[in-house]
Amino acid sequence: MWSAHYSDLVIMARRSGGNFRDRIQDVESIEIEDWVNPWNFYFLFMQNEEIYLEWCRKNNILARTIPCQIENCGGEMFLKSNKTRTGGGNFRCDKDKDHKKAIRSLSFFENSNLTIPDIMVFIKSYLDGSSLLQCSLFSGMTYKSTAVNWASFVRELFKEYFHRHIRCRKLSGEIEIDESLFGRRVKHNRGNPNKGVKIWVFGMVERSSNTIILYPVQDRSAETMLPLIVRHVEPGSTIYSDGWSAYCELNNLGFMHFTVVHK
């Protein structure tokens, strides 16, 4: 769906609020990564419909061709100009001209009556970490119905992207691994430290690309973390960790393991 990984977009969105002087003034040169500067995003989607729809096709957000959706046809549908239709055209089958589909077919815009710019504003706001109320205000969606449904839909897309592209992603070269406990802390020795939700988070970072993979885990035992390392780290890679005993078997699993003793 996206030409950049979702987490990369979030990191970029938090790194900068944009700069008017550094904005890109050529629509064709704008990539999804350039949305970190909001001037690029709004410049793109304030163009006329023909321009931003073509940009969406270029970035694989909308299709240029689709299989014919009529059962047993077997044809291919191509974009045809039609000024009476939304978006200035529709898909028409090469085998039967009466087989037609809207230009949003087989995209995540397909069943929505909202404009594409409003949907993209919602998604960008969501990526930027805005609250659901803020996302609905920015995009003009109804807060307790449309915005809630779109937020759920976007989360499902993120999950699908994770399972297709991230779940079995391999890191290589020099890798740093560590685990941290997140949850309730006690200040000034007051209160019960055992109350509240606590969870371990295990992370792996590829030094060369700064790619990070994080997992919430039930514990930090070898049985829990070694399968995650084997899944995501190429054999022969160099792994740096602290002296936690769960990592002792890494050399036997085909990795070059080095330990940093913090104390």
**Item:** Verdict with reasoning, Glu249 to Asn252, per side-chain contact (heavy atoms from CB on, under 4.5 Å)
**Value:** CA-CA 5 Å; Glu249 291 297 315; Asn252 297 329; 2.9 Å; yes

Among the clusters formed by ILVMFWY side chains lying less than 4.5 Å apart, do [X] and [Y] turn up in the same one?
X      : Y      : value
Trp244 : Ile213 : yes
Leu228 : Leu181 : yes
Tyr247 : Phe258 : no

**Asked** Do the charged groups of Glu54 and Arg64 touch, with an N to O distance under 4.0 Å?
**Response** yes

For the side chain of [X] and the backbone of [Y], is there at least one donor-acceptor N/O pair under 3.5 Å apart?
X      : Y      : value
Asp34  : Glu31  : yes
Asn59  : Trp55  : yes
His232 : Arg169 : yes
Gln47  : Phe43  : yes
Ser152 : Val148 : no
Asp96  : Asp98  : yes
Arg23  : Phe20  : yes
Asn251 : His257 : yes
Asp242 : Val260 : no

**Request:** With side-chain contact (heavy atoms from CB on, under 4.5 Å) as the test, would you mind laying out the steps for Ser237 and Glu174 before giving the verdict?
**Result:** CA-CA 6 Å; Ser237 297; Glu174 294 185 326; over 6 Å; no

Check [X] against [Y] and note the closest heavy-atom contact, atom names and distance.
X      : Y      : result
Val121 : Tyr42  : CG2-CE2, 4.1 Å
Val217 : Ile199 : O-CG1, 3.8 Å
Ala151 : Leu132 : CB-CD1, 3.7 Å
Ser130 : Phe138 : OG-CE1, 4.0 Å
Leu226 : Ala246 : CD2-O, 3.7 Å

**Item:** Counterpart residues, side-chain contact (heavy atoms from CB on, under 4.5 Å), relative to Ser131 (two or more places apart)
**Value:** Leu133, Gln134

**Item:** Asn19/Asn37 under side-chain contact (heavy atoms from CB on, under 4.5 Å): CA gap, chis, key distance, verdict
**Value:** CA-CA 6 Å; Asn19 191 313; Asn37 185 331; 4.2 Å; yes

**Item:** Worked verdict on Phe158 versus Phe162 for ring-ring contact (aromatic ring centres under 6.0 Å, His included)
**Value:** CA-CA 6 Å; Phe158 292 164; Phe162 172 83; over 10 Å; no

Can you tell if the side chain of [X] reaches within under 4.5 Å of the side chain of [Y], non-hydrogen atoms only?
X      : Y      : result
Val233 : Met204 : yes
Ile119 : Trp150 : yes
Ile66  : Phe78  : no
Arg92  : Met77  : no
Ile177 : Tyr240 : no
Pro67  : Leu106 : yes
Leu171 : Thr211 : yes
Ile229 : Phe202 : yes

**Prompt:** Phe122 vs Tyr126 aromatic rings, parallel, tilted or perpendicular, using cut-offs 30° and 60°?
**Reply:** parallel

**Plane angle bin for Phe153 and Phe108 - parallel if under 30°, tilted between 30 and 60°, otherwise perpendicular** = perpendicular

Would you kindly say whether [X] and [Y] are connected by a side-chain donor-acceptor distance under 3.5 Å?
X      : Y      : result
Arg231 : Tyr215 : yes
Thr146 : Asn149 : no
Ser209 : Glu206 : yes
Asp219 : Ser221 : yes

**Set of residues satisfying salt bridge (Lys or Arg N to Asp or Glu O under 4.0 Å) with respect to Glu179, sequence neighbours excluded** =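 Testing Glu179 for salt bridge (Lys or Arg N to Asp or Glu O under 4.0 Å), a comparison that skips the adjacent residues, returns Arg220.
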
Mind checking the [atom1]-[atom2] spacing from [X] to [Y]? Nearest 0.5 Å is all I need.
X      : Y      : atom1 : atom2 : value
Leu62  : Phe109 : CG    : CZ    : 5.5 Å
Asn40  : Gln25  : CG    : CD    : 9.5 Å
Tyr52  : Ile61  : OH    : CD1   : 12.5 Å
Lys95  : Cys68  : NZ    : SG    : 9.0 Å
Met256 : Ile175 : CE    : CD1   : 10.5 Å
Leu53  : Ile116 : CG    : CD1   : 5.0 Å

**Message:** Test side-chain contact (heavy atoms from CB on, under 4.5 Å) on Cys93 and Cys73; report intermediate values, then the result.
**Reply:** CA-CA 9 Å; Cys93 181; Cys73 174; 3.5 Å; yes

**Asked** If you count the non-hydrogen atoms of other residues, nucleotides and ligands that lie under 6.0 Å from NZ in Lys80, is the total more than 12?
**Response** no

**More than 12 heavy atoms of other groups within 6.0 Å of Asn113 CG** = no

